[in-house]
Amino acid sequence: MAALTLLFTWVATAAPIKQVPEGGRAIPVVQKGIVCGPVGGGWSLSSDGRSIRPPSKEAGEFARTLDLKVAEEAEQCASSQELVTVIATGAFPNIDAAGTTFFPDEGRIELKGQRLQDVPVAWSVPAKNEQEAAREGLDVCLNPSTGGRQSECTVPLTPGLPSDAALYWVPPHGKRGPEVTTYDANGTLVPPESFLIRPGRVVLTRPLVQSSGVDLSKGPGRVVVSHPEAVASVDCAPARCEIADGAIAIRNVPSGADAQVTLRLRLVPRVQIARGDSFDSAVSVTLPVLACPLTAVEDTVLRDVAEPALVVRLGPACGHDPQGLLWTVNGERAEVGRVVKVPDGIYVLLRTAGTSARQITISAASSPLERTVVASTTAKTLPLPYPRANLELPNHGSVDFIPTNRPALVQVAGSGAQGRFALHPMEGAYRVITQDNTTLVRGDTTAGGFVALRFGYRVPSLPGELATMDLALVDERVQRAVREASVPTNVANLIEFVCTGKDGVDQTIGPSSSYRIDYAKRHTCRVIIHRERLTPEEGIQEIVLRIDVTKPDGSTRGESHVEQRMLLRPGGEARVIPIQGNLGQFDRIMVQVVHVADESRYALSATDRSGLPSAQWTAIVEGGFLRLYATGAVPAGLYRVTQPSGQLTLNFGVLSRLVLLNNEGQERLVGIEIGLMGLGLIPQSSNIHFPPTLAVVGGLGLRVPIGTGAAVGVQAWIAHEFRGDITRDLKAGEDPNTTDLRVPSSKWSFMFGPSISIGNVGFNL
């Protein structure tokens with residue numbers, strides 16, 4: 001606005017200029033007032049004092065330019081400051097517009113016509129905007145050609161002018177401007193538009209299309225042309241293009257990695273473009289599409305997957321908002337899921353309908369209406385690897401089911417080079433727990449039957465939140481049972497062996513240790529099964545409880561025997577099982593508990609197969625220190641030490657035996673024996689004849705048990721024999737009638753020898 005104000009001020013204050021060809025008729029100088037004379041330089045003032053006639057060319061020396069003072073009245077001439085400049089120009093040229101050629105790029109115009117010497121050519125370009133002001137210039141034809149009927153003259157202009165720049169000729173030695181009024185030789189006023197030069201041909205020498213490609217990375221395509229004013233029409237089918245803001249705007253560019261746009265431009269009339277020695281009025285140029293750099297991220301483009309997603313990366317210089325673009329995959333619409341901007345580009349997650357093709361084309365268009373493809377790429381698809389999961393109970397080994405009472409560690413393989421599988425929860429079947437970079441799964445307590453684990457496919461190398469986004473969902477190919485996991489627990493914590501002590505207080509007997517039960521409290525012993533101690537994480541326990549009572553002689557009390565197979569569920573009440581039977585002294589109570597080795601029930605370690613947990617309790621009923629009992633003894637080969645000595649072949653009797661007992665109720669080896677014994681039941685083969693007899697024996701005996709109620713031993717007895725006389729055989733030469741064959745002997749004797757005893761009937765003291 002300031003520049004326009006100065007221009008109008010200059011126009012208002014500049015002295016008016018009136019020009020007329022030399023030798024022409026008089027022209028008016030002022031409409032009112034007078035010209036203050038006199039005038040010189042070959043100029044002549046008319047009688048009315050308002051008009052002036054230019055000098056003729058034959059007048060010799062004359063003033064071509066003259067400043068005249070004008071006033072309202074003659075009396076004011078001395079003080080008037082108002083001036084009017086008059087110019088005597090050369091003869092007007094005769095320009096052949098049809099033969100004139102304008103070269104705006106080279107900055108020249110080739111004039112044809114007559115009287116071209118010293119003819120100036122002025123040009124002007126209006127202001128386009130506030131940043132680019134109006135331009136104008138002027139140059140003169142100095143050396144026109146003189147041959148032929150018409151002269152030719154090349155006038156240099158400023159290079160790079162628009163093809164529609166306004167061109168004017170100026171009379172020789174004249175001026176041009178808003179303050180200039182021009183008259184012809186007849187004194188007729190010449191309108192300004194009469195000086196306009198309309199070249200018969202405008203020749204463009206610079207390439208019309210200045211862009212090397214159609215750049216779609218910042219928005220709609222824009223192709224710069226050197227002379228947009230010279231383009232009458234443009235066509236770029238199948239795309240759509242139009243002239244806008246001095247360039248060609250291109251929309252609806254077709255997709256494809258090698259997309260191109262062919263521009264067909266038709267120039268306005270009289271404008272041509274030079275192609276060597278020929279000239280064309282139309283231009284055809286094929287330009288590549290310079291779209292946003294687009295690549296598909298490796299391992300994210302999958303095939304044969306229901307409702308997958310893929311990730312693409314736009315170049316960091318791309319000026320489009322991915323959310324505002326129309327994305328397609330093989331022509332099918334894709335939705336933008338997430339956008340993450342990082343220094344190396346813009347990552348976009350696209351959710352698609354899936355494909356079975358081995359290669360896909362991914363395109364992004366500017367809008368649903370224009371459908372100008374601003375980015376496009378092709379990518380090979382990969383088959384989604386199927387997950388292979390392994391479930392493991394920590395410290396207990398692998399399991400082939402989903403436990404409902406405790407979490408199981410999930411280890412997944414088969415996820416490919418960069419992809420990883422993440423376990424997904426399934427409502428009503430199982431839930432997922434993440435702890436310290438480990439994944440655990442636990443079935444719902446109300447779930448049952450079979451289910452396949454569901455995994456989400458992810459690529460952890462993606463930036464930001466895309467690293468945790470699922471690109472596909474896939475189910476494991478096998479189905480797993482959802483049930484309770486039973487982990488063998490320490491049965492010593494579940495089973496309690498209790499007996500009442502001498503003080504009347506219950507005593508808990510520890511496993512693997514011996515306990516002595518007061519004889520009077522022998523019927524208070526019981527086994528308590530604490531099902532309430534079983535935790536839900538341990539699951540159902542299947543055990544076998546065995547109770548055996550053994551007598552001191554090793555025989556079993558059948559009425560006390562218990563053997564039960566039990567299923568223990570967590571949270572049940574305690575169960576009490578008493579030790580049955582009429583327990584005796586030194587009876588041994590043995591309680592055994594073992595797990596049932598059922599791999600279908602228990603989660604057993606694959607590396608530690610030492611056995612399932614078991615426990616055993618032992619208790620002995622207290623008894624006396626001595627045992628008095630009767631037993632049948634069969635001494636074989638007793639040797640009678642007292643004279644007459646000899647071997648007693650077969651003996652049989654009943655003994656009473658008193659022996660010390662150890663803590664286990666077992667007899668000591670040596671005991672005191674008293675009894676009745678039949679001796680010498682079979683005659684011996686010797687010259688001394690011991691008659692069979694009954695004897696009372698007493699002494700010491702050493703016996704070793706060999707079975708239930710049986711023992712072998714050695715004894716040393718003193719015996720009192722209830723017998724007849726001991727006789728001998730008749731010796732040679734003795735008279736049987738006179739010889740006394742009795743052998744003198746005492747009824748008391750000492751004898752020893754081995755024996756076998758059977759039976760053990762007595763009591764403890």
Side-chain angles (χ1 to χ4, degrees), residues 10-74 76-77 80-97 100 111-122 124 138 140-141 144 150-151 153 155 166-198:
W10 178 81
V11 171
T13 57
I17 300 174
K18 296 179 181 291
Q19 57 187 13
V20 61
E22 56 188 8
R25 295 183 179 181
I27 61 173
V29 178
V30 293
Q31 297 295 329
K32 293 181 180 181
I34 61 172
V35 177
C36 299
V39 297
W43 292 83
S44 58
L45 186 62
S46 62
S47 58
D48 59 2
R50 295 180 179 177
S51 301
I52 194 171
R53 183 173 182 173
S56 62
K57 188 175 182 180
E58 292 80 9
E61 294 183 4
F62 60 87
R64 189 172 290 278
T65 302
L66 189 65
D67 292 330
L68 303 176
K69 184 183 292 187
V70 296
E72 292 289 337
E73 300 290 341
Q76 299 176 355
C77 285
S80 176
Q81 301 294 324
E82 186 176 356
L83 297 177
V84 175
T85 302
V86 292
I87 300 174
T89 68
F92 285 5
N94 183 12
I95 297 177
D96 181 5
T100 299
L111 299 176
K112 281 189 177 182
Q114 297 174 349
R115 300 181 297 277
L116 300 179
Q117 181 66 40
D118 297 328
V119 173
V121 175
S124 66
L138 183 143
V140 180
C141 174
Q150 289 186 334
S151 299
C153 183
V155 180
L167 301 174
Y168 301 90
W169 61 268
V170 180
H173 310 295
K175 291 184 178 182
R176 180 180 180 276
E179 76 283 4
V180 177
T181 304
T182 305
Y183 297 87
D184 61 13
N186 295 322
T188 304
L189 181 65
V190 180
E193 58 270 16
S194 299
F195 298 97
L196 183 64
I197 301 176
R198 293 182 175 84

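All heavy atoms count here, side chains included; hydrogens, waters and symmetry mates do not.
No donor-acceptor distance shorter than 3.5 angstrom exists from the side chain of R50 to the backbone of V30, with no hydrogens or angles considered.
The minimum heavy-atom distance between P172 and V119, with the atom names listed, is CG-CG2, 3.9 Å. Here the closest heavy-atom approach between residue A74 and residue I34 is recorded as CA-CD1, 3.3 Å. In terms of heavy atoms, Y168 sits closest to I197 at C-CD1, 3.7 Å. Looking at every heavy atom in both residues, L83 comes nearest to A15 through O-CB, 3.9 Å. Pairing each heavy atom of P120 with each of L138, the nearest pair is CB-CD2, 3.8 Å.
There is no side-chain donor-acceptor pair under 3.5 Å between N186 and T188.
Judged by a 6.0 Å distance limit and a 45° cone about the ring axis, R176 is not positioned over the six-membered ring of F195.
Legend: residues meeting side chain to side chain contact (heavy atoms under 4.5 Å, CB included) with P38, ordered by chain and number and at least two apart, are absent. Under the side chain to side chain contact (heavy atoms under 4.5 Å, CB included) criterion, L68 pairs with V29, V35, V39, I52, L66, V86, sequence neighbours left out.
Within 6.0 Å of atom NZ in K69, more than 12 heavy atoms from other residues, nucleotides or ligands are found, so the atom counts as buried in its surroundings. In E193, the CD atom is crowded: over 12 heavy atoms of neighbouring residues, nucleotides or ligands sit closer than 6.0 Å.
Counting heavy atoms from C-beta on, the side chains of L116 and I95 come closer than 4.5 Å. Here the side chains of L111 and P144 are not in contact, with every heavy-atom distance at 4.5 Å or above.
Listed by first and then second residue, the side-chain hydrogen bond (donor to acceptor under 3.5 Å, both in side chains) pairs involving residues 17-28 are Q19-T182, E22-R64 (not counting sequence neighbours).
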*Intermediate values then yes/no, ring pair (Phe, Tyr, Trp, His ring centres under 6.0 Å), W169 and F92*: CA-CA 10 Å; W169 61 268; F92 285 5; 5.6 Å; yes
